[in-house]
2 protein chains.
Amino acid sequence: MTVRNASVKDVAAAAGVSLGTVSNVLNRPDRVSPSTRERVERVMAELGFVRNESARQLRAGKSRTLAYVVLDAGNPFFTDVAAGIDDAADDAALSLVLCNSANRADREAAHLALLEQQRVQGILITPVDPDAVALDLIARRGTPIVVVDRTRRVEDFCTVSVDDVLGGRLAVEHLVDRGHRRVAVVGGPTTIGQVHDRYAGARAAWADAGLDPDDLVELATEAMTVAEGRSAGERLSGLPGRRRPTAAFCVNDLLALGLLQQSIGSGRSVPGDLAIIGYDDIEFAAAAAVPLTSVRQPRHQLGRTAASLVLDESSDPDHRHQQVTFTPELVARASTL
Amino acid sequence: MTVRNASVKDVAAAAGVSLGTVSNVLNRPDRVSPSTRERVERVMAELGFVRNESARQLRAGKSRTLAYVVLDAGNPFFTDVAAGIDDAADDAALSLVLCNSANRADREAAHLALLEQQRVQGILITPVDPDAVALDLIARRGTPIVVVDRTRRVEDFCTVSVDDVLGGRLAVEHLVDRGHRRVAVVGGPTTIGQVHDRYAGARAAWADAGLDPDDLVELATEAMTVAEGRSAGERLSGLPGRRRPTAAFCVNDLLALGLLQQSIGSGRSVPGDLAIIGYDDIEFAAAAAVPLTSVRQPRHQLGRTAASLVLDESSDPDHRHQQVTFTPELVARASTL
DNA sequence: CATCGCTTTTGAAACCTTTCACTGACAGGA
DNA sequence: TCCTGTCAGTGAAAGGTTTCAAAAGCGATG
């Protein structure tokens, strides 16, 4: 029965009706008499008919998918953002595909090219470089793009992000409140916009508290991973007692978890000898052996909003670009008690 | 210049050549004279021409993508498997799209239907129910399917998995070696094939060591999450001293991390009062405050192999289905010292 | 100049679906 | 009986790309 790739034509012939009728069964079943419809449907099942989405799309001009080009599929933060997007896509009866750029510009470019050729409804992206010109070209040619968790210098399309300066500020204010007067800021590279902003917020809060800038120690890392967090911990241990900070603000939770592990492993108590605060509030932060204080970003909300912006842009002819900024929130736990 | 959706026809007209020549520039540039090629390419850039992948695919009959329908995009285990698939897809110059079924059969079905309509080269899937008949239908109609990290009762297509009975055995043998004579097995629900197999391996190892089955305490959980791990820890604390196990084997790392957190938080030392062993060896296992002993699965390898099987099936006419089983490996760390 | 061999270019057909103006058939009303 | 309106079904056209046989162009050779 099952025929390799039966088409509407085959179905029509086998059911003794015209092409148009088969198409109507598929797309407007109410315009076909019940008896005919049933016969056609039976034939479709027998022949193993599967609609050819390429042909349909060619005719329709647009696809039924949304795409998210994610920066690092292994980072729980991004998978949560993706879950938010997925929710919104579900509501709009679109399906979401994830593409992983793994922080590599060449992979990102390849994915973008294919997505544009596929005429996806819209592209959500956390780009390797938010100011890359390739994004402009694609947007100008008509595919809606929304930048997620990054901002651009020129505001020529929608972006959704979180106020990272405020986040850095919240973290340091919290530590100052707890009485810390010598604090490390751990993170890098500062070429990443987020890292830069969080540092800036940290410095501003420190200055506002009237503290000496020299007592806010910046500890640069090469990446934001657990391993880098451990190595930062070793560098911290190496400092002489009086120069050693009593607290550390890590610009993401992976760093914080690494630092936490290294500290406990080398016999220091957290928060007694070293208070630690992270950023992102990923699920593993609350689950750490010493539950981690962290700056929470509304990541699900971030994804949901980004998706609704891209949908608006693709459907509303007089769409206006927006820059949505969310507010981060401090979640205090045992690591800074 | 930029025209909304320029087609090869528009390019041909603007460059003063025929359709066929434009197509040749795109697909066989060597057959076009340098001067013509250059002119056509310039016009394409001016017009903002973007190849219509639907039309191309309609003609070609197949697409350039591979899809992985992942069970839970938030679980680091699966993102690592996906990274392995991605590697192999890259090598074959295919692009990989990820679809998240989020453990829901309806979402899985929707994704599968669309992927089949899109005529993807192949589908990799960690299914909600490996024995679901929908998979057979799709495979029978000609889309190669490979089941990842699950096995099927009927071996009618390729599967790639890890020997979970052996994994359970390794974990319990390790604990017995360390002198434990009263051990908890934490996990569930046992309707999941993997969980069932790991339990079975654990029991077999226990029996082989000549120990009393009553001293292998099974602690069922409703899901395999950090929160469930914590709650299992509370139940464990509630047991009277002599009945309380000295070690726990958790059937995945999320459970183990939750149990670890709860134990330390309530003042028990690990591994002194309770040794803990997990399963999967996700990155956060090594990074826990007490580094976690775990059973490692070759997850990258798993993905890579699955991708190469699906590619083989889609290209080699006399492909034979294979059931590949990998061997897990114990990674001993401080939590079972 | 005719012929040959080679490279470059052409134009039509094919891929499969959807749409839409149209035909037939039939029932009800005048 | 004739007309009108409704409903079911029809068939051709369109959408953009690739392929392939055939044509054209062109320099060299006899």
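Chain A is the first sequence line, chain B the second, and so forth, proteins listed ahead of strands; every chain is numbered from 1. Note that the coordinates shown come from a computational prediction; the quantities given were computed from them, not determined experimentally.
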Whole angstrom value for the distance that separates [atom2] of [N] from [atom1] of [X]:
X      : N       : atom1 : atom2 : answer
D30(B) : dT9(C)  : CG    : P     : 12 Å
K9(A)  : dC15(C) : NZ    : C1'   : 9 Å
R31(B) : dA21(D) : CZ    : P     : 12 Å
R37(B) : dT7(C)  : CZ    : P     : 15 Å
R28(A) : dA21(C) : CZ    : P     : 12 Å
N24(B) : dT7(C)  : CG    : C1'   : 12 Å
N27(A) : dT19(C) : CG    : C1'   : 10 Å
L26(B) : dT19(D) : CG    : P     : 11 Å

Problem set entry | Over 12 foreign heavy atoms within 6.0 Å of CZ, R64(A) | no
Exercise. Should we count CZ of R37(A) as having more than 12 external heavy atoms under 6.0 Å?
Worked result: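 Result for CZ/R37(A): enclosed.
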Measuring from the side chain of [X] (C-beta onward, heavy atoms only), which nucleotide among [options] has the closest atom?
X      : options                   : answer
S33(A) : dT10(D), dA8(D), dT19(D)  : dA8(D)
N52(B) : dT17(C), dT18(C), dT17(D) : dT17(D)
V8(B)  : dG16(D), dT9(C), dT17(C)  : dG16(D)

Seminar exercise, completed: Only one of D86(A), D87(A), I85(A), D80(A) passes side-chain contact (heavy atoms from CB on, under 4.5 Å) with H300(A), and that residue is D87(A)
Taking OP1 and OP2 of [N], is either one under 4.0 Å from a side-chain nitrogen or oxygen of [X]?
X       : N       : value
S7(B)   : dG15(D) : no
R56(B)  : dT18(D) : yes
T21(B)  : dT9(C)  : no
R119(B) : dC16(C) : no
S23(B)  : dT18(D) : yes

Exercise. Residues in side chain to side chain donor-acceptor pair (under 3.5 Å) with R28(B), at least two apart?
Worked result: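 Side chain to side chain donor-acceptor pair (under 3.5 Å) list for R28(B), sorted by chain: N24(B).
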Exercise. Given that G20(B) and L58(B) both sit by DNA chain C, which one's nearest nucleotide is further toward the 5' end?
Worked result: G20(B)
Problem set entry | Electrostatic pair R107(B):D90(A) at N-O distance under 4.0 angstrom |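 Judged by the 4.0 Å cut-off on N to carboxylate O distance, R107(B) and D90(A) do form a salt bridge.
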For this session: Tell me what V32(A) touches on the nucleic acid: a base, only sugar-phosphate, or nothing, going by heavy atoms under 4.0 Å.
Result: sugar-phosphate
Exercise. Reckon V22(A) touches a base, only the sugar-phosphate, or nothing at all at heavy-atom distances under 4.0 Å?
Worked result: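 No contact at all - V22(A) keeps every heavy atom at 4.0 Å or more from the nucleic acid.
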Problem set entry | Earlier contact from the 5' end, DNA chain D, for L19(A) and T36(A) | T36(A)
